[in-house]
2 protein chains.
Amino acid sequence: MARTSASQPPARPRSVVEADVRDDAAPAKKRLDLFHFMPFRLNRLAAEVSSALSSEYQARYGLDIPEWRVLATLGFRSDPCSAQYIAHCTRTHKSTISRAVSALMEREIVERVENADDRREFRLRLTRKGQALYEELIPRLLRKEQEILSCLSAQERRDLGRLLDKVEASLDLVQTSEEADAKDVY
Amino acid sequence: MARTSASQPPARPRSVVEADVRDDAAPAKKRLDLFHFMPFRLNRLAAEVSSALSSEYQARYGLDIPEWRVLATLGFRSDPCSAQYIAHCTRTHKSTISRAVSALMEREIVERVENADDRREFRLRLTRKGQALYEELIPRLLRKEQEILSCLSAQERRDLGRLLDKVEASLDLVQTSEEADAKDVY
DNA sequence: CTAAATTAGTCTCACTTGCAACTATCTTAA
DNA sequence: TTAAGATAGTTGCAAGTGAGACTAATTTAG
């Protein structure tokens with residue numbers, strides 16, 4: 001695990017493109033180390049964490065990620081909600097949610113009831129079987145999460161959570177202004 | 001941004017499934033708030049950050065993520081390296097890297113030279129055009145990264161980096177023991 | 001009341017990607 | 001030297017997914 005843990009010197013990517021004018025004092029970053037590049041790190045970390053978790057919900061219960069997200073959303077909320085809502089709050093495409101819901105209904109984990117007020121939309125909720133699955137799965141996943149985070153102290157976990165909060169919040173703003181579409185709803 | 005930041009009220013739906021043997025001192029988390037669940041947060045954040053960056057390399061330069069990873073790896077290293085190496089250190093499947101390399105060769109961004117020592121493998125490197133592209137792209141991406149992280153203080157960024165270091169390191173261990181395959185090489 | 005616009009959900013299409021088979025090459029051992 | 005096994009890279013195939021068209025239902029405007 002030889003990861004050049006180079007502590008970012010207080011230098012910023014000065015100047016621009018071609019000009020290789022850099023001096024020791026303010027080194028222009030002309031190269032980019034993927035291992036220190038946050039977007040790459042996040043992607044890789046997310047993929048690895050997902051894969052570590054998938055053994056719980058995928059291998060054991062045959063759920064894929066979208067299905068797990070539906071299950072998690074319905075299980076967390078006490079009242080039934082629409083597919084649209086799940087799509088919004090998990091930020092998953094509605095067609096993906098639609099397919100996940102179909103699969104879960106097939107397996108009788110989720111059921112839907114018509115909404116008399118608006119017959120385009122269905123209210124989704126867990127069946128008893130779905131509830132049982134949810135309650136069996138949750139402790140496993142939480143344990144796995146703790147296992148992954150066990151390398152951090154309690155304080156560090158709080159710190160990490162807080163830092164992610166900030167980045168998330170800031171991204172939401174950025175995105176809303178850039179592609180203000182279906183993001184504002186939830 | 002109404003995110004149910006609900007600090008898990010101490011009231012939980014007891015009852016269901018089997019053993020509910022926990023007491024208040026050690027509250028059994030029977031529900032799981034996706035928004036506080038680290039794997040979900042990482043996935044979502046990584047996706048959003050990627051999408052924020054893709055405007056730089058995708059829309060502007062027509063690179064997809066695997067292609068960008070190849071470019072980044074070759075641009076960072078001073079000496080040519082194999083596709084295998086890129087696959088290992090970016091943790092991307094070799095077939096994906098293979099396709100990305102093909103596309104980049106097609107566009108004359110990457111070229112490969114035979115390795116006389118081992119004619120199965122090719123040494124990959126950026127062409128002059130590839131170098132130029134790399135050097136034009138890097139400042140943009142670094143700027144974007146800074147933009148995304150601008151919600152954090154310098155100290156907080158260091159903290160975040162350090163926390164991710166720890167989690168990454170711990171995951172590498174976990175994975176190596178669990179699925180010790182192509183991970184150990186790099 | 002009717003027409004246009006909007007919304008929930010489904011479905012088809014195109015694209016991406018991981019897997020695994022395959023080729024070519026190299027290594028090891030008999 | 002030859003055969004078996006490993007390795008680098010490519011490719012066919014199948015599964016998953018986002019975009020966007022489409023249907024049905026609702027809302028809004030005239």
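The figures here come from the full heavy-atom set of this structure, side chains too, leaving out hydrogens, waters and symmetry mates. Letters go in sequence order (proteins before strands), and every chain restarts at 1.
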Peer 1: Please determine whether a side-chain nitrogen or oxygen atom of B/Q84 lies at a distance below 4.0 Å from atom OP1 or OP2 of D/dG9.
Peer 2: yes

Peer 1: Would you please name every residue forming a salt bridge (Lys or Arg N to Asp or Glu O under 4.0 Å) with B/D79, sequence neighbours left out?
Peer 2: B/R77

Peer 1: Which atom pairs, one a donor and one an acceptor, fall under 3.5 Å between side chains of residues 105-112 of chain A and the rest of the protein, sequence neighbours left out?
Peer 2:
residue : atom : partner : partner atom : Å
A/R107  : NH1  : A/Y61   : O            : 3.4
A/R107  : NH1  : A/G62   : O            : 3.2
A/R107  : NH2  : A/Y61   : O            : 2.9
A/E111  : OE2  : A/R125  : NE           : 2.9
A/E111  : OE2  : A/R125  : NH2          : 3.4

Peer 1: Run the side chain to side chain contact (heavy atoms under 4.5 Å, CB included) test against B/R99 and tell me which residues pass, sequence neighbours left out.
Peer 2: B/S95

Peer 1: Using heavy-atom distances to pick each residue's nearest nucleotide on DNA chain D, tell me which of B/A83 and A/P66 is more 5'.
Peer 2: B/A83

Peer 1: Do A/R143 and A/Q146 have side-chain atoms, one donor and one acceptor, less than 3.5 Å apart?
Peer 2: no

Peer 1: Quick one: side chain to side chain donor-acceptor pair (under 3.5 Å) partners of A/S50, sequence neighbours excluded?
Peer 2: B/N43

Peer 1: Could you write out each protein N or O paired with an N or O of nucleotides 22-26 of chain D at a distance under 3.5 Å?
Peer 2:
residue : atom : partner : partner atom : Å
D/dT26  : OP1  : A/R119  : N            : 3.0

Peer 1: Do any of residues 96-111 of chain A sit with a heavy atom less than 4.0 Å from DNA chain C, and if so which?
Peer 2: A/S98, A/R99

Peer 1: By ring-ring contact (aromatic ring centres under 6.0 Å, His included), which residues pair with B/F122, not counting sequence neighbours?
Peer 2: none

Peer 1: Would you kindly give the CD-to-P distance between A/Q58 and D/dA15, to the nearest whole Å?
Peer 2: 14 Å

Peer 1: Return the value, rounded to whole Å, for the distance between atom CD of B/E114 and atom P of D/dG9.
Peer 2: 12 Å

Peer 1: Check every nucleotide of DNA chain C for an atom under 4.0 Å from a heavy-atom of chain A, then give the first and the last such nucleotide from 5' to 3'.
Peer 2: C/dT6 to C/dT12

Peer 1: Excluding sequence neighbours, so at least two apart, what forms side chain to side chain donor-acceptor pair (under 3.5 Å) with B/K94?
Peer 2: none

Peer 1: List the residues meeting side chain to side chain donor-acceptor pair (under 3.5 Å) with B/R60, not counting sequence neighbours, and say none if there are none.
Peer 2: none

Peer 1: Hey, does B/R112 reach any base, or is it just sugar-phosphate, or nothing, if we go heavy atoms under 4.0 Å?
Peer 2: sugar-phosphate

Peer 1: If the plane angle is over 60° it's perpendicular, under 30° parallel, otherwise tilted; pick one for A/Y57 and A/W68.
Peer 2: parallel

Peer 1: Test of understanding: with side chain to side chain contact (heavy atoms under 4.5 Å, CB included), list the residues that count as partners of B/N115, not counting sequence neighbours.
Peer 2: B/D117, B/D118, B/E121, B/R123

Peer 1: Can you tell me how far P of D/dG16 sits from CH2 of A/W68, to the nearest Å?
Peer 2: 19 Å

Peer 1: Can you tell me the distance, in whole Å, between the NE2 atom of B/H88 and the P atom of D/dT7?
Peer 2: 9 Å

Peer 1: Under the rule for side chain to side chain contact (heavy atoms under 4.5 Å, CB included), what residues qualify as partners of B/S102, not counting sequence neighbours?
Peer 2: none

